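Because the structure is a prediction, the values reported are computed rather than measured. Each chain gets a letter, A, B and so on, in the order the sequences are listed, and its residues count up from 1.
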Protein chains: 4
Amino acid sequence: MEVGFLGLGIMGKAMSMNLLKNGFKVTVWNRTLSKCNELVEFGATIGETPAEVVKNCKYTIAMLSDPAAALSVVFDKDGVLEQIGSGKGYIDMSTVDPETSTKISAVCTGFCPYPQAITSKGASFLEAPVSGSKQPAETGQLVILAAGDKALYEEVIPAFDVLGKKSFFLGQIGNGAKMKLVVNMIMGSMMNAFSEGLVLAERSGLNPSNLLDVLDLGGIANPMFRGKGPAMLKSSHSPAFPLKHQQKDMRLALALGDENAVSMPVAAAANESFKKARSMGLGDLDFSAVYEILKASKE
Amino acid sequence: MEVGFLGLGIMGKAMSMNLLKNGFKVTVWNRTLSKCNELVEFGATIGETPAEVVKNCKYTIAMLSDPAAALSVVFDKDGVLEQIGSGKGYIDMSTVDPETSTKISAVCTGFCPYPQAITSKGASFLEAPVSGSKQPAETGQLVILAAGDKALYEEVIPAFDVLGKKSFFLGQIGNGAKMKLVVNMIMGSMMNAFSEGLVLAERSGLNPSNLLDVLDLGGIANPMFRGKGPAMLKSSHSPAFPLKHQQKDMRLALALGDENAVSMPVAAAANESFKKARSMGLGDLDFSAVYEILKASKE
Amino acid sequence: MEVGFLGLGIMGKAMSMNLLKNGFKVTVWNRTLSKCNELVEFGATIGETPAEVVKNCKYTIAMLSDPAAALSVVFDKDGVLEQIGSGKGYIDMSTVDPETSTKISAVCTGFCPYPQAITSKGASFLEAPVSGSKQPAETGQLVILAAGDKALYEEVIPAFDVLGKKSFFLGQIGNGAKMKLVVNMIMGSMMNAFSEGLVLAERSGLNPSNLLDVLDLGGIANPMFRGKGPAMLKSSHSPAFPLKHQQKDMRLALALGDENAVSMPVAAAANESFKKARSMGLGDLDFSAVYEILKASKE
Amino acid sequence: MEVGFLGLGIMGKAMSMNLLKNGFKVTVWNRTLSKCNELVEFGATIGETPAEVVKNCKYTIAMLSDPAAALSVVFDKDGVLEQIGSGKGYIDMSTVDPETSTKISAVCTGFCPYPQAITSKGASFLEAPVSGSKQPAETGQLVILAAGDKALYEEVIPAFDVLGKKSFFLGQIGNGAKMKLVVNMIMGSMMNAFSEGLVLAERSGLNPSNLLDVLDLGGIANPMFRGKGPAMLKSSHSPAFPLKHQQKDMRLALALGDENAVSMPVAAAANESFKKARSMGLGDLDFSAVYEILKASKE
């Protein structure tokens with residue numbers, strides 16, 4: 001199978017490498033073209049521009065750093081739009097940060113011409129944000145949240161099977177971003193529940209390390225508690241997922257709930273604690289830093 | 001090693017059987033003595049009364065159904081108190097339901113004479129509630145939350161090693177119950193976070209089954225979501241842990257937080273949703289039934 | 001003093017009448033011109049179009065029903081823009097419903113060319129939403145929340161003194177709408193606090209009518225509790241301020257808080273109860289209907 | 001009419017003086033008897049002991065500083081119990097602080113023999129906590145929340161008419177304290193709503209003094225906002241009602257809600273903010289100090 005690949009950042013490089021190692025013919029492009037060289041050693045072809053990649057490939061995957069980049073490769077000179085057309089498929093796997101979510105929502109409601117532009121040219125489009133970071137990208141263990149053109153989804157399953165441990169087709173455009181928001185909302189509430197428990201344990205005369213151990217042996221054991229708990233107890237919150245981004249996702253999830261008249265009191269309470277953390281200057285730390293807000297005491 | 005064992009309900013029978021199979025000499029007693037017979041086949045000795053068991057054994061473990069039973073075997077005629085004394089150890093592993101928690105707290109503050117009575121006789125005492133139900137009891141996979149006499153804890157570790165996959169010594173009497181409350185509080189908040197997410201997914205046009213799958217592949221995957229999620233989506237909430245008990249545990253955990261001036265807005269919000277569920281007549285269903293409250297809509 | 005007046009709905013008619021009775025020369029315009037006649041009897045002059053009013057008057061006040069109307073009188077053919085210019089002042093007193101708030105915010109951030117258009121013509125602009133409905137409009141008892149051009153504000157104080165019992169100059173454009181949102185947020189939280197108290201009284205065996213009386217004699221007595229309480233106890237919620245609009249205001253206030261990193265857990269909790277009420281189909285009733293949600297019980 | 005009066009603290013002195021001025025014959029007693037002298041000048045008779053007062057008067061009112069004092073005058077040597085009996089009435093108007101509430105609740109459930117003791121002697125009993133402090137006591141403007149014996153209530157109405165601007169008969173013993181809790185819960189939530197609004201105003205670029213003025217002109221204007229607002233903006237929180245007592249009342253009101261399965265998310269959120277304030281060392285300040293918690297920011 002032959003695919004184009006736009007964007008060779010940390011994620012994109014790992015993903016295109018994976019495709020190459022699994023026998024795909026890959027035409028790569030990156031804004032800084034020199035980044036393509038390492039992939040050429042593994043058999044990749046270079047496309048000079050996004051337009052050229054799209055011209056040469058039936059399917060083009062994009063994995064770009066942010067919404068601006070995602071829009072730029074499509075609309076700018078020598079961009080995707082110049083060559084996209086009937087019979088071609090475009091798959092945007094760019095990470096769904098909150099800004100992208102907004103953008104994609106906007107897309108759905110017609111404010112932004114991006115996939116419309118692509119589909120109006122007769123091509124098919126798939127949004128396919130992923131869950132998972134560098135390591136899962138390298139090992140093909142991503143979770144792929146695809147939405148848009150079902151036929152295109154089925155055609156590119158061979159690529160998704162290489163890139164991820166699991167892919168989902170979630171329906172109409174926007175559903176990938178929505179799914180990500182729902183997951184992150186649950187995660188944010190859980191982080192608050194966890195932090196409250198740790199603080200309660202400490203202040204009630206229990207050893208919070210024991211709590212971590214007890215939790216990890218029971219029915220609510222999960223990788224997040226296991227991975228972040230010990231660092232939290234040392235007040236170490238180096239940012240894997242910055243608190244300000246988590247809070248934005250909570251806000252967007254609550255906004256989605258508002259649209260659909262869904263009352264979510266726990267998420268709302270969690271959001272207010274994240275906001276408090278932001279106002280106390282913790283927004284750039286990991287979202288586990290909400291623990292510091294709950295712990296603060298002068299007693 | 002030789003131990004007495006009081007109470008052969010579902011849990012007690014499985015636990016004493018485990019001890020026998022692992023080479024312990026066990027003297028058993030049960031209110032309905034006929035229940036002892038099956039264990040005799042595996043080598044157990046019968047004690048006619050709690051007093052007799054205590055007389056014959058250096059260490060006596062109790063695993064009783066409720067606080068009333070736990071108090072009764074100690075204080076009633078032919079009870080533990082009649083034979084307990086210097087050099088003997090008493091380990092109460094009765095399940096910490098919310099009522100027991102209250103009782104044990106009361107014990108700590110001197111309202112209730114139970115362990116005091118035991119220690120005033122010169123014996124040593126350990127509370128050791130467990131996390132885990134029938135199956136972990138049968139397979140020796142319980143988690144043991146012990147508190148009280150440290151020396152006694154160390155002496156009975158061989159028994160705990162047989163009964164549980166892990167045991168903790170948590171300090172002074174009451175800490176076992178407190179730890180259970182903290183864990184259950186986190187669990188209750190998580191159940192609310194999970195339910196809110198499921199409802200948000202449904203009302204936003206996502207397939208909530210997909211959400212279950214996506215959650216189970218990520219950093220917050222946990223046995224509770226995996227185990228209860230599919231049934232919840234079918235509005236099936238057969239009671240493993242009744243909602244009214246979960247809500248009582250939330251209340252007691254919040255009260256513990258109040259004592260120690262710990263602000264826990266997410267737990268407080270979760271508690272109010274559980275209370276709403278109670279007021280809507282869902283208290284006897286599984287605590288996952290809070291999902292129904294969040295889902296209720298006329299739109 | 002001479003003023004133009006655009007819009008003779010319930011509010012605008014009462015306000016322009018007030019101006020006339022207090023000796024102002026008023027040139028009136030209304031989309032349905034026949035509505036002007038009654039005012040002519042009291043001495044008003046008719047302007048055939050918004051443009052004509054602006055041409056003839058140094059100051060023009062607009063009091064229109066909604067944002068669409070407010071924009072239309074400015075931008076449409078024969079609109080304000082055609083005659084507005086240096087030395088003239090335009091005062092938009094249209095009621096700040098949530099949509100207008102949004103619009104006015106948009107104005108501030110440049111999405112919408114409305115006051116910019118006016119000020120770019122060399123004229124000065126004031127937003128001046130009011131608090132108070134029909135009766136205060138008739139009796140000159142409005143509260144005026146003005147923002148924008150300070151000099152213009154001072155020039156038109158004689159008119160504001162007639163129209164309102166009090167006017168405020170709140171600074172830059174948008175502050176009028178923001179002030180309204182803050183007030184409505186406090187009001188929404190109070191309505192929830194009040195409703196929770198009424199339900200608690202009823203379910204605890206107290207007579208909630210007694211609670212109304214006790215409240216009205218104490219330090220938190222206020223016109224809203226007094227005015228709405230008795231109807232609420234009869235589950236009568238005829239819409240003075242529809243719940244769905246109150247909830248939108250809560251959402252917008254919370255969004256304003258989010259922008260400024262202000263944690264507001266009580267407002268957030270109140271908002272979720274309003275959302276629940278919306279989802280149960282109570283959005284078109286008065287916002288006091290949140291009481292029904294809190295009261296709902298099967299016990 | 002002739003009444004006994006036990007307790008001449010700030011409240012008791014003002015109240016008994018009021019009775020004297022309105023033509024009542026009053027027999028007074030105080031632990032420090034010298035405090036009686038001033039009242040003697042106005043016509044009071046001194047009783048040497050509570051027992052003597054009760055012996056000489058058909059009705060005896062008590063207004064004592066705390067539950068310990070309230071119990072002491074009844075049960076101690078020379079106490080009320082020694083002379084109370086058939087045909088006599090005892091009215092305890094001692095202020096309902098949270099401790100008294102608890103005590104009175106205990107009374108109802110039989111833990112404490114206090115009114116039972118009185119009624120078992122054939123006498124009748126009324127709890128009648130008041131709302132209002134020194135000044136309303138002096139001017140006869142208290143609000144009286146009576147509960148217990150209805151016939152006794154009706155007999156002593158002439159006294160209540162002198163002492164209060166309004167008295168309520170609320171049914172069974174405990175209802176006076178409950179009513180006070182419900183009112184204080186609403187008040188606590190309102191204080192949070194108000195504080196959140198003030199902080200939002202400040203951080204959104206509005207002048208919070210303007211907000212105070214706008215609020216005071218509208219439908220939610222109330223004495224508490226008017227009285228406390230200006231001091232709050234100066235971070236002045238001299239304790240009229242200490243935050244830790246307000247928080248205890250919130251907790252007790254929430255506990256009352258829990259008993260009756262009433263979900264109160266706004267009160268619960270307010271309680272958590274008060275708890276945070278307590279943990280930050282603000283418990284002895286006025287309950288308006290919750291504003292400081294909401295305001296705290298490093299941005």
Turns out that what part of C:Leu206 lies under 4.5 Å from chain D's heavy atoms comes down to side chain

Chain C heavy atoms under 4.5 Å from D:Met179: which part of the residue, side chain, backbone, both or neither?
both

To the nearest 0.5 Å, atom CZ of C:Phe241 lies from atom CE of C:Met187 at 5.0 Å

Which one wins on heavy-atom pair count under 4.5 Å against chain D: C:Gly257, C:Gly171, C:Ala221?
C:Ala221

Less than 4.5 Å apart, side chain to side chain, heavy atoms only: is that true for D:Met11 and D:Leu142?
yes

Just how far is it from atom CG of D:Leu256 to atom CZ of D:Arg251, taken to the nearest 0.5 Å?
13.5 Å

Can you tell me if D:Ile10 has over 12 outside heavy atoms packed within less than 6.0 Å of its CD1?
no

Out of curiosity, D:Asp258 CG to D:Leu252 CG, how far, rounded to the nearest 0.5 Å?
12.0 Å

Looking at C:Asn192, C:Asn207, C:Leu170, C:Asn222, which makes the most heavy-atom pairs under 4.5 Å with chain D?
C:Asn222

Does a side-chain N-to-carboxylate-O contact under 4.0 Å join C:Lys166 and D:Asp213?
no

Examine whether an atom of C:Asn210 lies under 4.5 Å from a heavy atom of chain D, and if so say whether it belongs to the side chain, the backbone or both; otherwise answer neither.
both

So, the part of D:Val143 with a heavy atom under 4.5 Å from chain C: the answer is side chain

Modelled atom types, side-chain donor and acceptor of D:Asn271 and D:Gln247, under 3.5 Å
yes

Contacting moiety of D:Lys295, where chain C heavy atoms sit under 4.5 Å:
neither

Side chain / backbone / both / neither for C:Ser273 at chain D, heavy atoms under 4.5 Å
side chain

Using a 4.5 angstrom heavy-atom cutoff, name the option from D:Val183, D:Val262, D:Ile220 with the most pairs to chain C.
D:Ile220

Please determine whether the number of non-hydrogen atoms from other residues, nucleotides or ligands lying under 6.0 Å from atom NZ of D:Lys165 exceeds 12.
yes

Classify the angle between the aromatic ring planes of C:Phe194 and C:Phe225 as parallel (below 30°), tilted (30 to 60°) or perpendicular (above 60°).
parallel

So, are C:Lys276 and C:Glu272 salt-bridged, with charged N and O less than 4.0 Å apart?
no

Below 4.5 Å from any heavy atom of chain D, which atoms of C:Val266 appear? Answer side chain, backbone, both or neither.
both

Side chain, backbone, both or neither: which part of C:Met264 has an atom under 4.5 Å from a heavy atom of chain D?
both

Most chain D-contacting option - heavy-atom pairs closer than 4.5 Å, from C:Ala269, C:Ser189, C:Ser204
C:Ser204

Determine the option with the most heavy-atom pairs under 4.5 angstrom with chain D, choosing from C:Met191, C:Glu202, C:Met224, C:Arg226.
C:Met224

Count the heavy-atom pairs under 4.5 Å between each of C:Ala147, C:Pro265, C:Gly197 and chain D, then report the option with the highest count.
C:Pro265

Find the one option among C:Leu215, C:Leu145, C:Leu198, C:Val214 whose heavy-atom pairs under 4.5 Å with chain D are most numerous.
C:Val214

Let's test your reading of the structure: which of D:Leu217, D:Leu294, D:Val182 forms the most heavy-atom pairs below 4.5 Å with chain C?
D:Leu217

